[in-house]
Amino acid sequence: MTTLAIESNIQTQQRKPKILWYVSDAWIMTQRSVRHITRSMDQLMSVAMFPIMFMLLNRYVLGGAIDTGDISYANYLFAGIFVQTLAFGANYTTINLAVDLQQGIVDRFRSLPMNPSALLVGHITADLIRNAISGVIIILAGLLVGFRPTAGLIEWLYVIGLALIFSLAISCLSAILGLVVKSLEAAQWTGFVVIFPLTFISSAFVPTQTMPTVLRAFAENQPLTHVMNAMRTWLVGTPSDNSAWIALAWCLGIIIISLPIAAWLFRVRGK
Amino acid sequence: MLNTSTDRAIAVKDLKKSYGKLKVLDGIDFEVHRGEILALLGPNGAGKTTIVRILSTLLSQDEGTATVNGFDVRREPGAVRSSIGLTGQYAAVDEYLTGRENLEMIGLLYRLGEQETKNRSQKLLERLDLVEPSNRRVKTYSGGMRRRIDLAMSLIASPSILFLDEPTTGLDPHSRITMWEIIKGLAATNVTVLLTTQYMEEADRLADKIIVIDKGSVIAQGTPTELKASIGPDHLEIIVKDDDDFLNTLKLFETDVLQNDPKRRSLSIITKNGTADLKKVLSMLEESKIIIDSLSLHRPTLDDVFLALTGHSTSVEAERQTNASTTL
């Protein structure tokens, strides 16, 4: 057995401003989470398979029976499926955080001379990357089933920008859920219990006009509908309203409120 | 070293921690000198893990002070974290990463720089016999391999103080012995090790000093030898064939006889250097033509110590009684 030379690790630390260290820690954590995407079958499936499955089911099973007025169902549906995919992708932070907390690796991170909240940043950034991949896949799948966007470059940039901010907002909420739930099973259920109702009681798959009053009031005023309506306007030119601004306000509001809560929860959990 | 005024690597004073009405730690005091291996010995739920979590800044105490490498765990958690390595009760590894990736990730997070991280990772993998599986995902590792990669992750920054929380719990005997050799090797490199264990044998083999903990209090401390001596000296037990021989034997050893039992025809003799005395006694008995039934050397074990101190052993029953608090 050879022995390692003992040097004080403090001396080996290079001098760097705190904020740069934070960025570098967060980047290491992001790399870790991104490796999880490509190595976990479960995650790969949800990145590529589920969005396509939903697209096909809605387009061909339900699509024929839904009246979307002037625009084709494929064009109507796209924004809904797109936002749903982003929401589910961003929900992975819940599951991944719950797994980390259960496996004890969080204790190791906490005992390192880094700011442990870099772990949150890593999971959230990985969600963004996962959603970017899913986003491209869903656009290609949409084009195959008859989605014909009329958007120009500027509109596409708006769509991408809002998609990123929306994904970030859902990830922040997911982080809170991941820190609150007590088990992995519970973490997996939150996606179904929270995100399914939100995407169904919205303008994702059917126009809201046919819903009963109470549902319709909810559907028309919840953030996902605003995100979908704004994207629909940009992508296929449905009549524009102030949905984009409301969507942006919702997303930024969620981020500003939930990020500090998540960071605080992460600090106090287990203490 | 940063704090030259003292050779104390760890100093704990009147440490208290409660969860509601449940007192987990009820005033713990101890010190560990540099380069020592200290074992916190006690049954499940005694408070061992709580102490480790407080010392590694994962948990804050209600009362009392603790310094690690001269830094207060409450006021200077960052400096404490830079001085320590922690291997928790459950292997804190990332199953989706390979062994090497796990190790390098931690090296970078310790801010060792890319090249230094790579060099140290390679050395540690060699030292802990993990080169062969190093590019496989940890998911495929055996229990012993997991513990070793976990330990490697704690060692990558060459911490001067290492916390090992039940490092061999759940390992097979072979992996356990490998782990013991590694831990012994660490102490030889002047690393201070604080380990917790429920196994007497582990504490006996590894520790320079043992602190026995039960229900949140220190009930004894000392070297393994001191603790065992506190129970009584080593003794030889002789059982002879018949009553005449019994009386003869009593006469033969006279003042050295610790106790005797005529019914069983057995007597105990105090001994200071066990095996050498064993030979001497045997030849003395032979010369006097005493026929013996059995002759055995008895050494107090740490189990005896624990039983004597607490009135219960560290066995499963003890675990059951305190199981309510084990998850803390």
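Proteins get letters first, then strands, A, B, ... in listed order; numbering begins at 1 in each. Because the structure is predicted, anything quoted here is derived from the model rather than measured.
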So how far is it from B:N102 CG to A:I105 CD1, rounded to the nearest 0.5 Å? 6.0 Å
Test log, rule side chain to side chain contact (heavy atoms under 4.5 Å, CB included), inputs A:Q103 and B:E95: CA-CA 9 Å; A:Q103 287 190 338; B:E95 299 208 323; 3.9 Å; yes
Taking side chain as everything from C-beta outward and backbone as N, CA, C, O, which of these in B:D150 sits under 4.5 Å from a heavy atom of chain A? Side chain, backbone, both or neither. both
Under 3.5 Å, side-chain donor or acceptor atoms of residues 133-145 of chain A against the rest of the protein: list the pairs with distances, not counting sequence neighbours.
{"from": "A:S134", "atom 1": "OG", "to": "A:V47", "atom 2": "O", "distance (Å)": "3.1"}
{"from": "A:S134", "atom 1": "OG", "to": "A:R130", "atom 2": "O", "distance (Å)": "3.1"}

CZ of A:R110 to CG of B:L86, rounded to nearest 0.5 Å, is 12.0 Å
Over 12 non-hydrogen atoms of neighbours within 6.0 angstrom of CH2 in A:W189: no
Hey, is CG on B:D72 packed in by over 12 heavy atoms from elsewhere, all under 6.0 Å? yes
Atom CH2 of residue position A:W250 - does it have more than 12 heavy atoms of other residues, nucleotides or ligands inside 6.0 Å? no
So A:M114 and B:R81, do their side chains get closer than 4.5 Å, heavy atoms only? no
Partners of B:T140 by side-chain hydrogen bond (donor to acceptor under 3.5 Å, both in side chains), sequence neighbours excluded? B:R136
Would a 4.5 Å heavy-atom cut-off, applied to side chains only, mark B:D94 and A:R108 as touching? no
Does any N or O in the side chain of B:R53 come within less than 3.5 Å of the main-chain N or O of A:D107, such that one atom is a donor and the other an acceptor? no
Quick one: pull up OG1 in A:T38 and OH in B:Y96 and give me the separation to the nearest 0.5 Å. 11.0 Å
Inter-residue atom distance B:M105.CE - A:L112.CG, 0.5 Å rounding: 8.5 Å
Members of residues 22-31 of chain A whose heavy atoms come closer than 4.5 Å to chain B: A:D25, A:I28, A:M29
Please report the closest heavy-atom contact between B:S56 and A:S111, naming both atoms and the distance. O-CB, 4.3 Å
Can you give the donor-acceptor pairs under 3.5 Å from side chains of residues 86-99 of chain A to other protein atoms, not counting sequence neighbours?
{"from": "A:N91", "atom 1": "ND2", "to": "A:T94", "atom 2": "OG1", "distance (Å)": "3.3"}
{"from": "A:Y92", "atom 1": "OH", "to": "A:D42", "atom 2": "OD2", "distance (Å)": "3.3"}
{"from": "A:Y92", "atom 1": "OH", "to": "A:S46", "atom 2": "OG", "distance (Å)": "3.3"}
{"from": "A:T93", "atom 1": "OG1", "to": "A:D127", "atom 2": "OD2", "distance (Å)": "2.3"}
{"from": "A:T94", "atom 1": "OG1", "to": "A:N91", "atom 2": "O", "distance (Å)": "3.4"}
{"from": "A:T94", "atom 1": "OG1", "to": "A:S174", "atom 2": "O", "distance (Å)": "2.9"}
{"from": "A:N96", "atom 1": "OD1", "to": "A:Q43", "atom 2": "NE2", "distance (Å)": "3.4"}
{"from": "A:N96", "atom 1": "ND2", "to": "A:Y92", "atom 2": "O", "distance (Å)": "3.4"}

Does B:R137 reach the main-chain N or O of A:R39 with its side chain, forming a donor-acceptor pair under 3.5 Å? yes
Look up atom OG in A:S40 and atom NZ in B:K139, then write down how far apart they are to the nearest 0.5 Å. 7.0 Å
Is the number of heavy atoms from other residues, nucleotides or ligands under 6.0 Å of A:M49 CE greater than 12? no
From B:L58 atom CG to A:F109 atom CZ, the distance as rounded to the nearest 0.5 Å: 13.0 Å
